[in-house]
**Q** 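Just dropping this structure here.
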Amino acid sequence: MRAPRTAVINRTTNETKIQVALSLDGGSLSSLLASSSSSDTASTPAPIDPTTTAHHATQSSSTQQISINTGIGFLDHMLHALAKHGGWSLHLTCQGDLYIDDHHTSEDTALALGTAFLTALGPLRGLKRFGSAYAPLDEALSRAVVDLSNRPHASISLGLKREKIGALSTEMLSHVLSSFAEAARITLHVDVLKGENDHHRAESAFKALALALKEAITRTGGEEVPSTKGVLSGGGYA
């Protein structure tokens, strides 16, 4: 039986306090949240119960539990789409210095989520490694290409025109994707190919990323390292 691909990350700085519980294969997060709460209750935000909390980025089913609260509604919306279409169960809370602006909360949330992804993924063996996907949202269309390369790189082109969507600066959307790629140690290309509405452009980009990641982390049934070098340890080419 395969080991569960899960992680709990508590990240605390002078600017943000973040808790992430992630299961890459969905399912219940109850045991992860319970163990995290019992081991460290002083330095992290209070957990959200995904089965009871009424929040726009909360969703619970027999296969997924999602609860996200960063204090920035549109960021929650994007991470909800990422988790839902990636097949993850995700609990994420952030208490950030939003009285300054949205930068620290957005960046640190992406770094914590990327760290959780990397931790949950475990050794890069028996995985497809590469993933690509297109996702439309009405008139918008995005493409995402992922390599679980262990060499962080991000090339992001969203082409957003508005200064903000909701309370989130649009410049932070590409920064969120880049920060996630950095912490997750993946190569990531995301391009919005067309679209008139910036909400649609951004959401289609996150949905495309979700689908590409879902493909890349698919288990192959073997234990081989998906590299001609035989290792994926960073540096060089594979």
**Q** Find out whether Thr109 and Leu92 are in side-chain contact, i.e. whether some heavy atom of one side chain is under 4.5 Å from a heavy atom of the other.
**A** yes

**Q** Going by the rule salt bridge (Lys or Arg N to Asp or Glu O under 4.0 Å), which residues pair with Lys164 if we only count those two or more places apart in sequence or in a different chain?
**A**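 Result, salt bridge (Lys or Arg N to Asp or Glu O under 4.0 Å) vs Lys164: none returned.
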
**Q** Pairs under 3.5 angstrom only: tabulate donor-acceptor contacts from the side chains of residues 81-89 to other protein residues two or more places apart or in another chain.
**A**
from  : atom 1 : to    : atom 2 : distance (Å)
Lys84 : NZ     : Gln64 : OE1    : 3.2
Ser89 : OG     : Gly27 : N      : 3.2
Ser89 : OG     : Gly27 : O      : 2.6
Ser89 : OG     : Gln65 : N      : 2.9

**Q** Would you please name every residue forming a side-chain hydrogen bond (donor to acceptor under 3.5 Å, both in side chains) with Asp97, sequence neighbours left out?
**A**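 So Asp97 forms a side-chain hydrogen bond (donor to acceptor under 3.5 Å, both in side chains) with His104.
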
**Q** By side-chain hydrogen bond (donor to acceptor under 3.5 Å, both in side chains), which residues pair with Glu107, not counting sequence neighbours?
**A** His175

**Q** Could you name each residue pair satisfying salt bridge (charged side-chain N to carboxylate O under 4.0 Å, His left out) that touches residues 186-207, not counting sequence neighbours?
**A**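 Sorted result for residues 186-207: Arg143-Asp191, Lys161-Asp198, Glu203-Lys207.
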
**Q** Taking side-chain hydrogen bond (donor to acceptor under 3.5 Å, both in side chains) as the definition, give me every residue that meets it alongside Ser132, ordered by chain and number, with sequence neighbours left out.
**A**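 In terms of side-chain hydrogen bond (donor to acceptor under 3.5 Å, both in side chains), with neighbours along the sequence ignored, Ser132 is linked to no residue.
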
**Q** Measuring only between side-chain heavy atoms, which start at C-beta, is Leu148 closer than 4.5 Å to Ile217?
**A**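 Sidechains of Ile217 and Leu148: in contact.
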
**Q** Which residues end up grouped with Ile100 if you chain together Ile, Leu, Val, Met, Phe, Trp and Tyr wherever their side-chain heavy atoms are less than 4.5 Å apart?
**A**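 Noted: Ile100 shares its cluster with Tyr99.
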
**Q** Output side-chain donor-acceptor pairs under 3.5 Å for residues 112-126, partner residues at least two apart or in another chain, one line each.
**A**
from   : atom 1 : to     : atom 2 : distance (Å)
Thr115 : OG1    : Leu111 : O      : 2.9
Thr119 : OG1    : Thr115 : O      : 2.8
Arg125 : NH1    : Glu223 : O      : 3.2

**Q** With Thr63, which residues qualify under side-chain hydrogen bond (donor to acceptor under 3.5 Å, both in side chains), at least two apart?
**A**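 Expected list: Ser61.
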
**Q** Would you mind listing the cluster partners of Tyr134? Hydrophobic ones only (ILVMFWY), side-chain contacts under 4.5 Å, chaining allowed.
**A**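 Leu141, Leu193, which link up through side-chain heavy atoms under 4.5 Å apart, make up the rest of the cluster.
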
**Q** Restricting to ring pair (Phe, Tyr, Trp, His ring centres under 6.0 Å), what partner residues turn up for His80, sequence neighbours left out?
**A** none

**Q** Can you list everything that forms a side-chain contact (heavy atoms from CB on, under 4.5 Å) with Asp101? Sequence neighbours excluded, please.
**A** His103

